[in-house]
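Order of the sequence lines sets the chain letters (A, B, ...), proteins ahead of strands, with each chain counted from 1.
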Amino acid sequence: MSVELRFDPVELPPETQALRAEVRDFVAREMPRESWPNSDFNEGHSPEFSRKLGARGWIGMTWPKAYGGGERSFFERYVVTEELLAAGAPVSAHWIADRQSGPLLLRYGTEAQRRRYLPRIAAGECYFSIGMSEPDSGSDLASVRTRADRVDGGWLVNGAKIWTTDAHRNHHIIALVRTAPVGENRHAGLSQLLIDLDADGVTVRPIKNMAGGEDFNEVVFEDCLVPEEALIGEAGNGWAQVTSELGYERSGPERFLSAFRVFVEFVRHVGADPAPDAAALIGKLASHLMTLRKMSISVAGMLQGGRSPTVEAALVKSVGNDFEKLLPELVRLQTSALPSDHPLQRSLSQTLLHAPSFTIRGGTREILRGVIARGLGLR
Amino acid sequence: MESLIAQTAERIFADHVDKALLDRAEAPAAGAFPDALWRTVQDSGLHLVGRPDSGSELGDLFGLLKVAGRHALPMPLAEVLVANAVLPDVPDGAGFTTIAVDGVAPWARAANRVLDLDGALHVSFTVEPGANIAGEPRDSVHAGQTVAVAVPSELPLYMALSRTSLMSGALERTMEMSVSYAMERAQFGRPIAKFQAIQHNLALLAGEVAAAVRACDGAIEALGTNGADNQIAAAKARVGEAAGVVAEIAHQVHGAFGFTHEHSLHHYTRRLLAWRDEYGREHEWQERLGRRAAARGADQLWDFITRGQ
């Protein structure tokens, strides 16, 4: 037998070199003065920065020009996203809309939805949240209970979503809801609705995380009336639509760069002529990062080719998350205690406090291993 | 898409290499050189792959070594190929050249010439048999008549990449064996592949194999470019790390059967453990790569990662 998990040898095309230089130049000029202690895509919410990126054409890059996109390749998008993350740029405002809400609308949305939302997303002005998890539905996503009942003029939504990043400052949420009772096939009867976060009947409650941040929320729907045209794709096709987002959601550089600023500060700390063990740690981390980039670029190539590399994306996220968790631990063991305001210590503290989320958000480590096992033919 | 060279090699190695041949080649102190296989390899011209006048490239040479690793090929193909590629003036047909590091060379007992990394070519020598932990002959060489030849400065890098390529192939084979075994072996009334604990271990294994294969292929693609040395350093280190993890999980999945001499698994896992040590352990290559990154400085670290230099 032969196990087919293919990461085709793909190189970034030469035209991405000039683009990379442009992004670096832009970041050097436009980054807010206060540098961010980590490269986490969930932190650093700056509408001003997002609008500037939109003006440069660096949001919605792969979308058709008719919808405000740039008709550029997934490789070019890859380069822009990894440059922004590596620099620790504040990208969370537009991140979800650019990565998966926009592509979802492009694939399943109505013409009216595309015209209404995509150009504003691409301009860096319109921000989306993911409405998947619920208080009682985490990894078991098909068990969601938020329901939408057909009524005159649309849908009446009741229920709650949770861990909804930036719902308190984003404009819309794409909620996975039950539009038909649970039958024999539990994946049937689910639909996706695009709901305004400031609509009547929507309450956003902040949830403070253990690092002290307030990025995520609970979003409660109480008799929230949503118009007919809020339906994305087909009623009942929600499961297929949601799973189609995963190749985009799981394969990008945000799945292995969350701890990158710790690496940068470690190199600064040990200087140009480090002790042998410190040098070896730098080399180890570099060898992992160089490899993860090659894997992620390979997936970008598959997306470019119109494929849905679900298993390969799960592999990138799984290997990548383990790496971004290991990085601060190894750096910690190579340094003695530092004052809390030392740049390396700041970055380390911030990253260690966020690290538990790395292997949970966007699909837990356990769920990913199940996806990979299915790809191996084990289940 | 597999190259024609890789397909030819796959066919020949699958025909010739079986457990009996491997056991004979790995016999302590008396390991027997597989003469019939060597003649077939010569007849097919595979031993000249990567030589400047052969119409193939260095990348093909290392691609061929991945296939050799898949089959635990019991002959020093890495040394034969690299020696032929860097010494094109040594005539083909007069036996083969092996390559020594610190006075120890694979299969020197069956070789006609031994090349040191610094360009000393021993045309007569005596041999003291030895072996690595995979039972592969690693013979001490005592030089007799020696001539100096010109070798490229990249020779040690090529040898490191040869072990990386061999490991890449053996890793894929080890994954396939582990997945097959988990589906065949039944306990508690079902294949052990159905247990989540096994699935998760195999998923971890698959992640390491995918990373290792991509790292190795990336280094092969980089041959001849400016950053090739760093890509090879990164690949040898990363693939070496994967080798340890994958061998461990593969044995755990195979249970006691995999620990027996009778089972074939150890032909691949012992080679993984041997090859990760040869031509520089992980730590050595990590330190070398890390020094170059550190010299560029913190603010150029990302540039170093993206350009590989």
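Of the N and O atoms on the side chains of A/Ser258 and A/Arg361, at least one donor lies less than 3.5 Å from an acceptor on the other residue. Judged purely by distance below 3.5 Å, without hydrogens or angles, the side chains of A/Lys317 and A/Ser251 never pair a donor atom with an acceptor atom. Judged purely by distance below 3.5 Å, without hydrogens or angles, the side chains of A/His269 and A/Thr335 never pair a donor atom with an acceptor atom. B/Tyr279 and B/Arg163 form no side-chain donor-acceptor contact under 3.5 Å, judged by distance and modelled atom types alone.
Both the backbone and the side chain of A/Asp273 come within less than 4.5 Å of a heavy atom in chain B. Using a 4.5 Å cut-off between heavy atoms, A/Val319 touches chain B through its side chain atoms alone. Of the two parts of B/Glu241, only the side chain, counted from C-beta on, holds a non-hydrogen atom closer than 4.5 Å to a non-hydrogen atom of chain A. With a 4.5 angstrom heavy-atom cutoff, A/Ile297 does not touch chain B via any of its atoms. With a threshold of 4.5 angstrom between heavy atoms, A/Arg293 approaches chain B through side-chain atoms but not through N, CA, C or O. Of the two parts of B/Glu221, only the side chain, counted from C-beta on, holds a non-hydrogen atom closer than 4.5 Å to a non-hydrogen atom of chain A. Heavy atoms closer than 4.5 Å to chain B are found in the backbone of A/Val10, but not in its side chain.
Ranked by heavy-atom pairs under 4.5 Å with chain B, the list A/Ala373, A/Gly370, A/Ser298, A/Ala272 is led by A/Ala272. For the options A/Leu378, A/Val79, A/Leu289, A/Val270, heavy-atom pairs under 4.5 Å to chain B are most numerous at A/Leu378. Heavy-atom pairs under 4.5 Å with chain A peak, among B/Gly218, B/Ala293, B/Ala237, B/Ala206, at B/Ala206. When each of A/His288, A/Met290, A/Glu366, A/Arg268 is checked for heavy-atom pairs under 4.5 Å with chain B, A/His288 comes out on top. Heavy-atom pairs under 4.5 Å with chain B peak, among A/Ser318, A/Ala286, A/Pro276, at A/Pro276. With respect to chain A, the highest number of heavy-atom pairs below 4.5 Å among B/Arg238, B/Met177, B/Arg288, B/Gln196 belongs to B/Arg238.
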Problem set entry | Steps toward side chain to side chain contact (heavy atoms under 4.5 Å, CB included) verdict (A/Leu327, A/Phe266) | CA-CA 10 Å; A/Leu327 192 160; A/Phe266 178 67; over 6 Å; no

For this session: Run the numbers on B/Leu289 and A/Ser287 for side chain to side chain contact (heavy atoms under 4.5 Å, CB included), then give the verdict.
Result: CA-CA 8 Å; B/Leu289 184 65; A/Ser287 73; 4.1 Å; yes

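Geometrically, B/Arg292 does not engage B/Phe304 in a cation-pi contact defined by less than 6.0 Å to the ring centre and at most 45° from the axis.
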Which side-chain N or O atoms in residues 17-24 of chain A pair as donor and acceptor under 3.5 Å with protein atoms at least two apart or in another chain?
from: A/Arg20; atom 1: NH1; to: A/Glu82; atom 2: OE2; distance (Å): 2.8
from: A/Arg20; atom 1: NH1; to: A/Glu83; atom 2: OE2; distance (Å): 2.6
from: A/Arg20; atom 1: NH2; to: A/Glu82; atom 2: OE2; distance (Å): 3.0
from: A/Glu22; atom 1: OE1; to: A/Arg56; atom 2: NH2; distance (Å): 3.3
from: A/Arg24; atom 1: NE; to: A/Glu83; atom 2: OE1; distance (Å): 2.9
from: A/Arg24; atom 1: NE; to: A/Glu83; atom 2: OE2; distance (Å): 3.3
from: A/Arg24; atom 1: NH1; to: B/Asp303; atom 2: OD1; distance (Å): 2.6
from: A/Arg24; atom 1: NH2; to: A/Glu83; atom 2: OE2; distance (Å): 3.0
from: A/Arg24; atom 1: NH2; to: B/Thr306; atom 2: OG1; distance (Å): 3.1

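Of the candidates A/Phe26, A/Tyr78, A/Phe49, A/Phe26 is the only one forming a ring-ring contact (aromatic ring centres under 6.0 Å, His included) with A/Trp58.
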